[in-house]
Undergrad: 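I am attaching a structure below and will ask some questions about it afterwards.
Lettering of chains follows the sequences in order, A, B, ..., and the numbering in each one begins at 1. Side chains are part of it too, since the values below use all heavy atoms of this structure and drop only hydrogens, waters and symmetry mates.
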Amino acid sequence: MKVVCVAEKNSIAKQVATILSGGNFHTRNSLDKYIKNYDFRCNQFPFTSANSNFYVEVTMTSVKGHISSLGFEGSEDRGGPYSWGNCDPIELYSAPVINSFNFRNVIQSIYKECRDADYLMIWTDCDREGEYIGWEIYMAANYGTNNWNIRMNTTTTAGQPKFNESNTFRAIFSHLERSHIINATRNPKKLDQKSIDAVSARMEIDLRAGLSFTRFLTNFFQNNKLVDAKVVVSYGPCQFPTLGFVVDRDDRIEKFVPENFWYLEISIKRDNTDGGQIKLQWKRGHLFDRLIVYTIYEHCVETGGATAKVTNIVSKPTSKYRPLPLTTVELQKNCAKFFKMSAKRSLDAAEYLYQKGFLSYPRTETDIFPQTMDLKALVEQQKNDVRFRNYASNLLSEDYETSTGNKFSWPRQGSHDDKAHPPIHPIASCSTENLTADQKTVYEYVTRHFLACCSQDAKGHQTSIEVQWATEFFKTTGITVLARNFLEIYPYISWKSTAELPELHMGDTVDLLDTDMKSGSTSAPQPMTESELILLMDANGIGTDATIADHIEKIKGREYIRPEKSGKQTYLRSTKLGKALVHGFEEIGLEDSFAKPFLRREMENDLKLICSGNKFKRAVVQDMVERYLNYYNITQINKRTLLSVFNRFNG
DNA sequence: GCAAGGTC
């Protein structure tokens, strides 16, 4: 009896094969150089009678991501009826779409391995895209490349497919810990058609909307000589909201008018010995009316004199929390913030380190470590690295006499679990010799982040004092850091003791060394940093952990935005073209759909409803395509507006 | 020459 298992990528296939074979497998090449076949025997599959010691022949192999793509019928060979230039873009809203396989070698390999198999088991990542890739594998196993183009869900091949409901299974796993993988092997489930539908809905909507608007915008801008002949002016349902965030920030900077404000400030003696003083902040913050602040100030001076009364003292322990387990988005945000590294650079470096086996899979949304993972063993690994040796030893030390008290502590749990990958962590300690500067930086950051996750929170003590001067209240807070703990290995953030506060009691009268009415003015927002942009995209559901960096690079490449250095900081600024596009669509009334994240978020929401069985794919696709068609018609009617807005920004 | 999503 033979089982063929197919994972989403070679690294997973290899690791699962290692676990299920106990390391005893034979490696064969496939037709693709990145994909291997791993042959072994295993007695964990439940495809037999009650005999639990029944061994089956297993070939574990993989694909490398998606193996098919959606396109318009007849356009895979150039010159098809729906290729660029051969039809009015509006036809793309009704043109038949077709799912065609690419990666011929990968598909033939799967088909070949499956020829003599009795069972097919899908081991793709347990997320939406993984489910769809599972379906692609199922199609490849049944049809190979014989049926090169397959209309969605309708196959023309006669007869029963070799693999069907009864002999096709899906392994459910979220990480690669041994007992978890064995459990997944013993309890196979079925592919989830709802997730497959959700992905195919996303594909069709993005294809129709993206290609129709891109062709229209490019032709229109080129024909009117707004851009050079070879420049593509693309529209994408992720590109535009991303651009919208940057343009919005630049607009707010441009429109900003500083406003003056006034506030009160008082200071008291730090203690009885030296002359140091502590400033207390007005509880009203600041007010924008000078006369009112002046009146209050006068009143306080007259009735309060030079003394105030202590109205509240709160003294309590406080902590600075260690970071949450590391996700892709957090990695990109922090590398941008701490090291001024673009999202693409940090992900590329992490990708390389993953390929080399130094880091875990770098594309994950999960910020919870599975309880079954042996994190202490991973900390132990870092004793091999001079940079982390002492810290790791201390963390694991059982000897309270010599240790610092910063003991290993199971990481905090976030609230995200993509059910596919654990948080990013170091797998092996790595010598830095053959790494680029970026790779070194990213490895060190991930390791420090991981060790910080496994440490104790920093501990401190916080005292707040509130005093009343006539009618007004003022306060200040002081912090004493008692134990730095995780901060020792995580130098990227600081937490310092503030000046010590005087020892006071409720009801005490204190002398005011100084009272003052001060003024200031509000300042303009800073331009967008890449770190902020990633945060906004993530929070608004624009793109995924794996594609956020791509979208930013894409709109840089289209010259909608451009990086601009200012001192140490690099900002992302919108170009004239970028502003013209956002404001053009704004002026024809499509701002919310095109330059804001709402439409994408709505679609993401619909996809979730498909996954939960509360909406049908057909209804979602129909609805969204109709809406885009409507936007397309509105744009056609108002295209002169796009032109005049462009000229306004480039005049 | 076009989208977004996987992965190399």
Undergrad: Report yes if a side-chain nitrogen or oxygen of A/Arg363 is closer than 4.0 Å to either non-bridging phosphate oxygen (OP1 or OP2) of B/dT7; otherwise report no.
TA: yes
Undergrad: What contact category does A/Gly85 fall into here, base, sugar-phosphate, or nothing, at under 4.0 angstrom with non-hydrogen atoms?
TA: nothing
Undergrad: Rounded to the nearest 0.5 Å, what separates atom CH2 in A/Trp123 from atom CZ in A/Phe173?
TA: 6.5 Å
Undergrad: Once rounded to the nearest 0.5 Å, what's the spacing between atom NZ of A/Lys419 and atom CG of A/Asp127?
TA: 12.0 Å
Undergrad: So which nucleotide from B/dA3, B/dT7, B/dG5 ends up closest to the side chain of A/Lys64?
TA: B/dT7
Undergrad: Can you measure A/Tyr631 atom OH to B/dA3 atom P for me and round it to whole angstrom units?
TA: 20 Å
Undergrad: Can you identify which nucleotide, out of B/dG6, B/dC2, B/dG1, has its nearest atom closest to the A/Arg215 side chain?
TA: B/dC2
Undergrad: Under a 3.5 Å threshold, yes or no: a donor from one side chain and an acceptor from the other, between A/Thr124 and A/Arg170?
TA: yes
Undergrad: What nucleic acid atoms does A/Asp125 come within less than 4.0 Å of, heavy atoms only: base, sugar-phosphate, or nothing?
TA: sugar-phosphate
Undergrad: Does any non-hydrogen side-chain atom of A/Lys356 lie less than 4.5 Å from one of A/Gln439?
TA: no
Undergrad: With a 4.0 Å limit, can you tell me whether A/His551 has a side-chain N or O closer than that to the phosphate oxygens OP1/OP2 of B/dG5?
TA: yes
Undergrad: Between A/Glu204 and A/Lys9, name the one whose nearest nucleotide on DNA chain B is closer to the 5' end.
TA: A/Glu204
Undergrad: Looking only at side-chain atoms of A/Tyr34, point me to the closest of B/dC8, B/dA4, B/dT7.
TA: B/dC8
Undergrad: Looking at the side chain of A/Arg558, which of B/dC8, B/dG6, B/dA3 is the nearest nucleotide?
TA: B/dA3
Undergrad: Give the nucleotide from the list B/dT7, B/dA4, B/dG6 with an atom nearest to the side chain of A/Asp206.
TA: B/dA4
Undergrad: Separation of A/Met603 atom CE from B/dG5 atom C1', in whole Å?
TA: 11 Å
Undergrad: Name the nucleic acid region contacted by A/Tyr361, choosing base, sugar-phosphate or nothing; use a 4.0 angstrom heavy-atom cut-off, strictly under.
TA: sugar-phosphate
Undergrad: Respond yes when some side-chain nitrogen or oxygen of A/Arg600 is under 4.0 Å from OP1 or OP2 of B/dA3, and no when none is.
TA: no
Undergrad: Hey, is the side chain of A/Lys554 poking within less than 4.0 Å of OP1 or OP2 on B/dC2, counting only N and O atoms?
TA: no
Undergrad: Would you compute the distance between atom CD of A/Glu586 and atom CZ of A/Phe594 and round it to the nearest 0.5 angstrom?
TA: 13.5 Å
Undergrad: To the nearest angstrom, how far is A/Ile35 atom CD1 from B/dT7 atom P?
TA: 13 Å
Undergrad: Return the stacking result for B/dG1 and A/Trp84: yes when the ring centres lie under 5.5 Å apart and the planes under 30°, no otherwise.
TA: yes
Undergrad: The side chain of A/Ser234 is closest to which nucleotide in this list: B/dC8, B/dG5, B/dC2?
TA: B/dC2
Undergrad: Report the residue (A/Asp32 or A/Thr214) whose heavy-atom-nearest nucleotide on DNA chain B is the more 5′ of the two.
TA: A/Thr214
Undergrad: Does A/Thr218 have a side-chain nitrogen or oxygen under 4.0 Å from the phosphate oxygens OP1 or OP2 of B/dC2?
TA: no
Undergrad: Look at all strands and tell whether A/Glu131 reaches a base, only sugar-phosphate, or nothing, counting heavy atoms closer than 4.0 Å.
TA: nothing
Undergrad: Check the side chains of A/Asn614 and A/Ser612 for a donor-acceptor pair under 3.5 angstrom, ignoring hydrogens and angles.
TA: yes
Undergrad: So, is A/Arg202 near the phosphate of B/dG6, with a side-chain N or O under 4.0 Å from OP1 or OP2?
TA: no
Undergrad: Among the candidates B/dG5, B/dC8, B/dC2, find the nucleotide nearest to the side-chain atoms of A/Thr544.
TA: B/dG5
Undergrad: Quick one: A/Phe213 CZ to B/dG1 C1', roughly how many Å, whole number?
TA: 18 Å
Undergrad: For A/Tyr235, which contact category applies under a 4.0 Å heavy-atom criterion: base, sugar-phosphate, or nothing?
TA: sugar-phosphate
Undergrad: Does the pair A/Arg600/A/Asp206 count as a salt bridge with the N-to-O cut at 4.0 Å?
TA: yes
Undergrad: Starting at atom CG of A/Asp550, determine the distance to atom P of B/dG6, rounded to an integer number of angstrom.
TA: 10 Å
Undergrad: Using whole Å, report how far CD1 of A/Ile137 lies from P of B/dG6.
TA: 15 Å
Undergrad: Within the 4.0 Å heavy-atom criterion, would you say A/Pro89 contacts the bases, only the backbone, or no part of the nucleic acid?
TA: nothing
